[in-house]
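Since we're looking at a predicted model, the values are computed, not measured. Values below: every heavy atom of this structure, side chains too, minus hydrogens, waters and symmetry copies.
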2 protein chains.
Amino acid sequence: MTNLVNNVIFSFMRLSTKSRYGVRAVFDISYHGGGDGVQVKDIARRQEISPRYLEQIFQKLRDAGIITSKRGPQGGYSLARKPQNIKVGEIIRVTEGGFDPVFCINPEKSGKHCDRIAECVTRLIWKEAGEKLEDFFDSVTIQDLCDRAERLGVQKEQDRSSMYYI
Amino acid sequence: MTNLVNNVIFSFMRLSTKSRYGVRAVFDISYHGGGDGVQVKDIARRQEISPRYLEQIFQKLRDAGIITSKRGPQGGYSLARKPQNIKVGEIIRVTEGGFDPVFCINPEKSGKHCDRIAECVTRLIWKEAGEKLEDFFDSVTIQDLCDRAERLGVQKEQDRSSMYYI
DNA sequence: GTCTTTCTTGACTAACTTAGTAAATAATGT
DNA sequence: ACATTATTTACTAAGTTAGTCAAGAAAGAC
């Protein structure tokens, strides 16, 4: 009888799937769509993400002005701006809600209040950490990710419209 | 009828209470205990944290060699090292499990494997973010927090043993 | 103008994590 | 012996995550 211990250590300073999938999806639109709209089902297949779930994430990204959508046949999603003008930080702000590691940094946004603010020595440390994270993610653009992918040799998929003519 | 919208924005790149309480508790031992043991009930009262919950956190901190404990009357917890040798990053590593924002950075630790590692352009970004966070938290010590508290004018509480003689 | 494709919106849910509570026990000092 | 304080293990309610499901609306093809 195996003594399987249930103490796998997780890390909890973590990003939700919404952010991770969101960044990968925007990258996918940029990398595989050559300016044309890219369809949810193709992104879902390439990135191995549930198409239904992806639609929820795209909703937020569209409302935030990061991507645009077009319905109907040959519809799909496109970048609202050039990839060098889309920061990874933007995407995370939209999908994750921000970078504050604790709620008390931003009482209005979190809707929670802490009475100990005046005497709290840790609060400013958390705040500074969140700012460092935000600065870092704002320094990386979707174009940077595409450049990386090329260097890694990730194959660009031909878009469907050109496949029709093979 | 108020149209109360249920869309309070949370931030999820967040620290759990275990880390937040953990750092505050170690600070409290350093600041209010003058080298003597500090009891759970006093820390819990000053920091407004459930004493039972605090005990769980102290267990991890003790196992990690950050604090030491003594049972029985006049028992309590003390720092295992000088406050200038205890990094905030250490406490978070113990209570939070690390700084990886996503599991795929560290497959052995997380116990989860991702097939997409070879082609994943986002993974190294997450990794770098986690390292920045770790470096920052490792640059802050408990002594730094105590210095801050003094500058803020946080009152040091007399320890109980001296109170007996008033 | 109907049909198909594709995005849009909102409701719903199972599994998991968090933030604790509770109870019995063991060590230590008086 | 007795009171005090930490130790260990088990348990739980509430909330969050990571989705699924279903009905609808716009746009183009025919």
With a 4.0 Å limit, can you tell me whether [X] has a side-chain N or O closer than that to the phosphate oxygens OP1/OP2 of [N]?
| X | N | result |
| --- | --- | --- |
| A:Arg62 | C:dC7 | no |
| B:Thr17 | C:dA19 | yes |
| B:Tyr21 | C:dA19 | no |
| B:Tyr53 | C:dA22 | no |
| B:Ser69 | D:dT5 | no |
| A:Ser50 | D:dT20 | yes |
| B:Gln39 | D:dA6 | no |
| A:Lys41 | C:dT6 | yes |

Rounded to the nearest 0.5 Å, what's the gap from CZ on A:Arg81 to CD1 on A:Ile142? Could you check? 10.0 Å
Between A:Ser139 and A:Phe136, is there a donor-acceptor pair closer than 3.5 Å when you use the side chain of the first and the backbone of the second? yes
Any protein N or O atoms within reach of nucleotides 24-30 of chain C? Criterion: under 3.5 Å, listing atom names and distances.
from, atom 1, to, atom 2, distance (Å)
C:dA27, O4', B:Arg71, NE, 3.3
C:dA27, O4', B:Arg71, NH2, 3.1

Between [atom2] on [N] and [atom1] on [X], what's the gap in Å once rounded to a whole number?
| X | N | atom1 | atom2 | answer |
| --- | --- | --- | --- | --- |
| B:Phe103 | D:dA18 | CZ | P | 10 Å |
| A:Gln47 | D:dA18 | CD | P | 17 Å |
| A:Lys60 | D:dG19 | NZ | C1' | 14 Å |
| B:Ile29 | D:dA6 | CD1 | C1' | 13 Å |
| B:Phe58 | D:dT7 | CZ | C1' | 14 Å |
| A:Glu55 | D:dG24 | CD | P | 17 Å |
| B:Leu15 | C:dT17 | CG | P | 18 Å |
| A:Ile57 | D:dT20 | CD1 | P | 11 Å |

Would you say the side chain of B:Tyr53 lies within less than 4.5 Å of the side chain of B:Lys18, judging by non-hydrogen atoms? yes
Is B:Arg45 salt-bridged to B:Asp42, going by a charged N under 4.0 Å from an acidic O? yes
Could you work out, with ring pair (Phe, Tyr, Trp, His ring centres under 6.0 Å) as the rule, every residue matching A:Phe103, not counting sequence neighbours? none
Do any pairs count as a ring-ring contact (aromatic ring centres under 6.0 Å, His included) and have a residue in residues 56-80 of chain A, sequence neighbours left out, and if so which ones? A:Phe58-A:Tyr77
Go through the N and O atoms of the side chain of A:Gln56 and the base of C:dT8, and report whether any donor-acceptor pair is under 3.5 Å. no
Starting from the C-alpha separation in whole Å, work towards a yes-or-no answer on ring-ring contact (aromatic ring centres under 6.0 Å, His included) for A:Trp126 and A:Phe99. CA-CA 10 Å; A:Trp126 309 141; A:Phe99 294 95; over 10 Å; no
